[in-house]
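Indexing begins at 1, ligand by ligand and atom by atom, following the structure's order.
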Amino acid sequence: MEISITKTNKPKQKPDENNLGFGKIFTDHMFLMNYTTEKGWHDPRIVPYAPIEFSLATMTFHYGQSIFEGLKAYRTQDGDVQLFRPKNNMARLNNSAKRLCIPTIDEDFAVDAIKKLVDVDRDWVPSNPGTSLYIRPFIFGTDEFLGVHPSDSYIFAIICSPSGSYYPEGINPVKIYVEDKYVRAVKGGVGFAKTEANYAVSLKAQDEAEQKGYSQVLWLDGKTGEYIEEVGAMNVFFVIDGEVITPSAEGSILEGITRLSTIELLRAKGYKVTERQLKIAELTEAYDAGKLDEAFGTGTAAVISPMGELCYKGKNMIINNNEIGKISQLVYDQLTGIQYGELPDEFNWVQKV
Ligand SMILES: *Cc1c(COP(=O)(O)O)cnc(C)c1O
C-alpha cells in the first residue's frame, strides 16, 4: 500500500524548545488509515493536522474499543532523527488489538508509516537536551452504532507532539503510595493491553494519592492485594541485595519496551535480573533487613523514575537515602545514550528516519 502525502500550505510556527511541556503542541501533519470489513485496512495517508468530525454515536465514545501506543523520535548531535525499537511498539499494538477485537495491522507497514510521518515533520523534532518528538499511534472503532459489539470500521491514526525534557532539573526520586484500596487490572482483563480503560480506572487512585502528597501509586494485584504489579503507568524494578527483580508479566501488567530494554541491558552488563512474582511483604522485609538497595519505574516518557519513598499501610520506607541509585543511573545513562546516539547501539535498537 502506498502512503499518499498531502502537505499543509499553512505550516505552524515552531514552539519555543525551552517550554514544550508534554502533549499540548501538535505538529503540522498526521497519519490516517481506515478499516472496513469489505476493504480491510485501506487509504493510508499523511494529511495536514486538523480536527475530524464524528457522530456522537461513534462506538469508541461509548464502549472504549480503542488502543494506543507511545514512542519517541530523538534528535542526535549530528542532526539525525532516530526511533527506539518501533517494531516492538507495533507488535504490542497488535497484541492490544487482539484483546479488544480490533483488526491487526501489518507491523512493518506501520513502522514505515511512523517513519514517513516523522520525516514529513522532521523539523518538529526538537534538539535541546532531553527533548524529543512524542509519537502517538492509536486505533479506535468508528461505527455509528450503540449496540455492544465490535465495531466494523476503524481508524488507525498517528499524531506527534514535541515534548520537553522530563527532567529539566535533574532526576529527583519520587514519593510513592502503595495502593491498597483500588486495583488497576486483573488476570483475564485488559491489564496487558495498552487501552484507554486502564487509564480511566487509574485516575481516582492517582488523584487520592496526590492529595496525600504522593506523586504516583504502586499497584498491587487485583486478586490478593499481595503482589506488586506496576507503578503508575510504568513498570517497576527493585534491587534487593544486589539482585534486580521485576514482576513477571502474567497478564495483568503492561509489558513495557523500556522494561524489556532494562532487562536486556542489565543482563548484558552481567547483573542478575529476575522476572518473578514479588510480594509487597517481601519488599518490606527486605527494607527492614537493610537489603532494599534501589527502586525505580521504567517507561518511554521518563525512561527511569527512581522511587525515594514508599508508603505502605502507614509504613514509610526511605530508599537509598532518597537518592538515585547506581543501577537506576546506569540504566538511565545507557538507554538515553543509545536513544540520542551518544553511545554505540550494540543491541541494534535504533532505527534512523
Ligand atoms: C505504556 C505503559 C508502560 C511503559 O511501556 P514503555 O513501552 O516502556 O513505554 C508501563 N505500564 C503501563 C500501564 C503503560 O501503559
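With respect to R75 and E17, no salt bridge is recorded, no charged nitrogen being found less than 4.0 Å from a carboxylate O. Between D119 and K116, no side-chain nitrogen of the basic residue sits less than 4.0 Å from a carboxylate oxygen of the acidic one, so the salt-bridge criterion is not met. With respect to the salt-bridge test (charged N to carboxylate O, under 4.0 angstrom), the residues R184 and E230 qualify.
A distance of 6.0 Å or more separates the ring centres of Y154 and F156.
With contacts defined as side-chain heavy-atom distances shorter than 4.5 Å, the pair I3/F109 qualifies. Residues Y177 and E208 form no side-chain contact, since every pair of their non-hydrogen atoms from C-beta on lies 4.5 Å or further apart.
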What are the atom names and distances for all N or O pairs under 3.5 Å between ligand 1 and the protein?
from: ligand 1; atom 1: 7 (O); to: R92; atom 2: NH1; distance (Å): 2.8
from: ligand 1; atom 1: 7 (O); to: R92; atom 2: NH2; distance (Å): 3.1
from: ligand 1; atom 1: 7 (O); to: I257; atom 2: N; distance (Å): 2.8
from: ligand 1; atom 1: 8 (O); to: I257; atom 2: N; distance (Å): 3.2
from: ligand 1; atom 1: 8 (O); to: T258; atom 2: N; distance (Å): 2.9
from: ligand 1; atom 1: 8 (O); to: T258; atom 2: OG1; distance (Å): 2.6
from: ligand 1; atom 1: 9 (O); to: T300; atom 2: N; distance (Å): 2.9
from: ligand 1; atom 1: 9 (O); to: T300; atom 2: OG1; distance (Å): 2.6
from: ligand 1; atom 1: 11 (N); to: E230; atom 2: OE1; distance (Å): 2.5
from: ligand 1; atom 1: 11 (N); to: A233; atom 2: O; distance (Å): 3.2
from: ligand 1; atom 1: 15 (O); to: K194; atom 2: NZ; distance (Å): 2.7
from: ligand 1; atom 1: 15 (O); to: Y199; atom 2: OH; distance (Å): 2.5

